[in-house]
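Remarks on the structure that follows.
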Amino acid sequence: MGISEKKMREILGKDIAVSDVVNERLKDTYMQLEERRAVSENRRFYRRNFRTAAAILLVCLAIPGVVYASVKSGFFEGMFGNETKTSTEVIHTEIDDGKGGTVAVDIPSKEYVPVDQAKATELLGKWVMDKPIITQIGEHTLTVESFAYDRQGALMYFTLKREGGVTALAGNEHTNLTKGAYFTEEADFYLSVEASGEITGCDNIYLDTEKSTDDCMYCYSYILWPEALTKDASVNLVINKYPGSAKETKTMPDEEEQTWWAKTTTEQIRLSGKGQIPNQCIDLGENGYLEYSPISICVDMSKGLGLSAEEAADPYYMKHLEIKYKDGSSYIISDKEKNINNSGYTLGTDEGYKAAFNRLVDPEQIAEIIVNEVSFPVQ
């Protein structure tokens, strides 16, 4: 591993879940060498802010229902559709290995498909928050257009605006293929989604490069919880506001830097009171267990797959994940051998391997789910 889990924990100052399958075996991926530094820096900023008090802000914006119906439509299209997302084949490339040479890497193929808006409304409409949330963060205006979640993950559609150009967040076609949009050193705040004050979601932010302009970024965040949520878990948007841009700390003496971070404030905004999208499970006892919903899946890798305890905790051993439908079609979420990754984000945790879907899944149409070579039939 180019950066070991132990080293990452030292950098971030707290335990983290092993990253997604695109990132697995970090030394072999494009994201390892190109994106990890930015991600680590952003989470270092966030870690510091646990020392500050949180002010709970419940924000609501009254807008006509017909207008918000179109926002929901944009949410479904952005998270699951292909109108502004381009499918890509496997990309074979070489990157700097940091030692004066290069490393050959393969970026997996990714396919986007059309979304059935009526079916999306039927499956998810009642779970999507009722009204957008708008908040001013310094010179930036953040609007959470739509949000929905289940016990394993969440989906969030948001825009970030700033007259004269967005400076807090950066992303492009390149980051869409790798680790996602990231907060820059120019940022004077950091965003995360947190459940019950304990569980911070891990995410991948897809930037809509067709809709976005210099002054407004359209973002779709695929979020996975390191720990499954309880039924009564509340979910908040957490905004950590710095006393200046993050880059200011780079040249500060330690004592001055600590004073700087002590001035950071935190706001928590309730994202949704709609509750969790229902999950279904396939429980084969010691022969296997998994949970799924229209937006995510979690597989307990310790059961039925012939893996050791150590292997079960490592997402490297997820070789093939596929949903087969009753009509004979299928959705290959990931396939290591064929270099396929059709997820919005994936995460390895102590609880299992988790994936956020990049397309809508109708649970009623599933015939079976294939994990590696093991079949989980839907009764």
Side-chain angles (χ1 to χ4, degrees), residues 42 46 54-81 83-85 117 120-121 124-125 127-149 154-172 175-176 180-184 186-195 201 203-223 234-242 265-274 295 344:
N42 288 333
Y46 177 68
I56 306 298
L57 301 181
L58 303 181
V59 181
C60 294
L61 175 66
I63 61 173
V66 66
V67 174
Y68 192 55
S70 67
V71 173
K72 283 190 177 182
S73 176
F75 172 57
F76 298 142
E77 174 58 43
M79 303 305 309
F80 304 121
E83 288 185 2
T84 60
K85 290 182 175 179
Q117 292 280 353
T121 300
L124 302 177
W127 310 108
V128 179
M129 70 183 201
D130 288 326
K131 298 179 177 68
I133 296 169
I134 301 175
T135 186
Q136 193 70 30
I137 313 173
E139 296 180 346
H140 288 79
T141 301
L142 170 70
T143 302
V144 179
E145 304 283 0
S146 297
F147 179 84
Y149 70 106
L155 304 172
M156 183 168 72
Y157 165 33
F158 69 93
T159 61
L160 192 61
K161 299 179 181 179
R162 179 181 176 273
E163 186 175 350
V166 174
T167 58
L169 194 68
N172 50 35
T175 61
N176 284 341
Y182 58 92
F183 285 86
T184 70
E186 301 294 330
D188 58 1
F189 66 94
Y190 184 78
L191 302 176
S192 61
V193 178
E194 188 177 281
D203 70 335
N204 179 72
I205 301 174
Y206 184 96
L207 175 67
D208 191 325
T209 56
E210 289 193 21
K211 287 184 178 181
S212 297
T213 64
D214 289 344
D215 292 349
C216 182
M217 298 177 73
Y218 288 78
C219 303
Y220 303 93
S221 183
Y222 298 88
I223 301 165
S234 60
V235 179
N236 296 325
L237 177 70
V238 179
I239 306 173
N240 296 279
K241 298 181 180 180
Y242 312 142
T265 59
T266 301
E267 295 178 359
Q268 296 189 41
I269 302 174
R270 181 72 178 273
L271 277 172
S272 175
K274 306 290 285 187
I295 70 170

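None of the values given here were measured: they were computed from a predicted structure.
With hydrogens and angles disregarded, no donor-acceptor distance shorter than 3.5 Å links the side chain of K211 to the backbone of M217. Checked by atom type and distance alone, the side chain of N240 never pairs as donor or acceptor with a backbone atom of F189 at under 3.5 Å. Under the 3.5 Å distance criterion, the side-chain polar atoms of N204 are left unmatched by any main-chain donor or acceptor of Y222. Counting only distance, with no hydrogens or angles, the side chain of T143 and the backbone of E145 share no donor-acceptor pair below 3.5 Å. The backbone N or O of E83 lies less than 3.5 Å from a partner atom in the side chain of E77, making a donor-acceptor pair. For N176 (side chain) and L207 (main-chain N/O), a donor-acceptor pair under 3.5 Å exists by modelled atom type. In this structure a side-chain-to-backbone donor-acceptor pair under 3.5 Å is present from H140 to T167.
Heavy-atom minimum distance, S212 versus D208: OG-O, 2.6 Å. Across all non-hydrogen atoms, the minimal contact from E194 to Q268 is OE2-OE1, 4.2 Å. Closest non-hydrogen pair, V166 versus D215, comes out as CG2-O, 3.7 Å.
Ring geometry for Y220 versus Y206: interplanar angle of 30 to 60°, hence tilted.
Under a 4.0 Å N-O distance rule, the pair K274/D130 qualifies as a salt bridge.
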